[in-house]
Amino acid sequence: MQKFLITITVLLLICALVCVDGQRNRGRGRGRNRKPKGSCHLKEIDQCIGRLDKYNSNNSSKLLTTSRGLDEICTNSLDVVTCFRNYMTKCGTPLQRELFEFAIEQFSKSIDQFCKPGPLREEFLRNSPCIVNRVISKSNYKDKCVNNFLSTIDKTNKLKEMDDRLDTICCSYNRWEGCVFNLIEKECTEKGKIAMQNFIDKAFGGLTNLICSSNAFDPASQRCTSLYAAPGARPKGKLSDNPVTKYIASYFGFLFT
């Protein structure tokens, strides 16, 4: 799923590097970190995400269960990637654009295995009906995995230090990943879990393992547990004032609705 994977990485990088800090630090810095002149506003990112808002429904996870559904995600993600690229070209600093292109390159090497016919895609499609019907579409998954993840991400725009934001995002992501993998293994056997692990790894172009390794961000560590939202906290999703939460909830409706 090349375009799907590219969009994921682009989304995370833009939200972490441009959307959250870019508007706040506008006008600061010179040279390598100077932004090009022009009108830049987060509503442009909203418009990019809005192109896939039709997938943000309770049934959107069904797209993961068929070859046609995967193709649909891949095809429609192309518009979003192009939209993000236009925004980054106009509004990103040279360093941010460099990171953006690095993400694109990593994704393109990884995603084809799900956007084109092949063994990993076939194995995922054999297991995805169980994954969706017995895990992702169930309230238990939302209560145990999704709410904890998104409610913690909600906190990041209140953190002043970028290191704290990265720690919070990586810790909460690794906790979500462990949660969903455990549920899938229980309901869909080890094969289902491995199929989902391969899907997530290829979908993110290996970026999550590179940036958010489980060794550096053990979700059960004291550092991570100190960053989580309070138990029972309810995420705001698309209504959040945190760009990261809003964009994740909007684009990844098939995983986090």
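Values reported hereafter were calculated over all heavy atoms of this structure, with side chains retained and with hydrogens, waters and symmetry mates removed. The model shown is predicted, which means the values in this text are computed figures rather than measured ones.
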Indicate yes or no: at least one non-hydrogen side-chain atom of Met196 is less than 4.5 angstrom from one of Ile136.
yes
Are the side chain of Asn174 and the backbone N or O of Cys212 linked by a donor-acceptor pair below 3.5 Å?
yes
Under 3.5 Å, is there a donor-acceptor pair between the side chain of Ser221 and the main chain of Cys224?
yes
Sorted by chain and residue number, the side chain to side chain donor-acceptor pair (under 3.5 Å) partners of Glu177 (sequence neighbours excluded) come out as Tyr173
Taking every non-hydrogen atom, the tightest pair across Ala229 and Thr152:
N-OG1, 3.0 Å
Do the side chain of Arg134 and the main chain of Cys188 share a donor and acceptor less than 3.5 angstrom apart?
no
Hey, does the side chain of Asp218 reach the backbone of Ser214 with a donor-acceptor pair shorter than 3.5 angstrom?
no
Heavy-atom closest contact (Cys145 atom, Val180 atom, distance)
SG-N, 3.7 Å
Working to the nearest 0.5 Å, report the span between CG of Asn182 and NZ of Lys186.
10.0 Å
Residues Thr66 and Leu125: closest non-hydrogen pair is C-CD2, 3.6 Å
Go through the steps to decide whether Thr168 and Leu159 satisfy the test side chain to side chain contact (heavy atoms under 4.5 Å, CB included), and finish with yes or no.
CA-CA 9 Å; Thr168 301; Leu159 301 174; 3.4 Å; yes
Any side-chain heavy-atom pair of Phe124 and Asn198 under 4.5 Å
no
With sequence neighbours excluded, tell me which residues meet side chain to side chain donor-acceptor pair (under 3.5 Å) with Asp71.
Arg121
So which atom in Ser172 and which in Ile153 form the shortest heavy-atom distance, rounded to 0.1 Å?
OG-CD1, 3.3 Å
Is it the case that over 12 heavy atoms from other parts of the model lie below 6.0 angstrom from the NZ atom of Lys144?
no
Hits for side chain to side chain donor-acceptor pair (under 3.5 Å) against Asp167, two or more places apart or cross-chain, chain-then-number order -> Arg223
By side chain to side chain donor-acceptor pair (under 3.5 Å), Glu123 pairs with (sequence neighbours left out) Arg126, Asn127
To the nearest 0.5 Å, atom OG1 of Thr225 lies from atom CZ of Arg175 at 9.5 Å
For Lys155 and Leu227, which heavy atoms make the closest approach, and how far apart are they?
NZ-O, 2.6 Å
Out of curiosity, Phe217 CZ to Ile169 CD1, how far, rounded to the nearest 0.5 Å?
10.0 Å
Atom of Pro219, atom of Cys171 and distance for their closest heavy-atom approach
CB-O, 4.0 Å
For residues 226-235, the side-chain hydrogen bond (donor to acceptor under 3.5 Å, both in side chains) pairs (sequence neighbours left out) are none
Taking atom CD of Gln197 and atom CD1 of Ile184, what is their separation to the nearest 0.5 Å?
8.5 Å
Distance, nearest 0.5 Å, that separates SG of Cys179 from CZ of Phe149:
11.5 Å
Quick one: side-chain contact (heavy atoms from CB on, under 4.5 Å) partners of Glu190, sequence neighbours excluded?
Glu185, Lys193, Ile194
Do the side-chain N and O atoms of Lys62 and Asn133 include a donor-acceptor pair separated by under 3.5 angstrom?
yes
Look up atom CG in Leu120 and atom CZ in Phe199, then write down how far apart they are to the nearest 0.5 Å.
11.5 Å
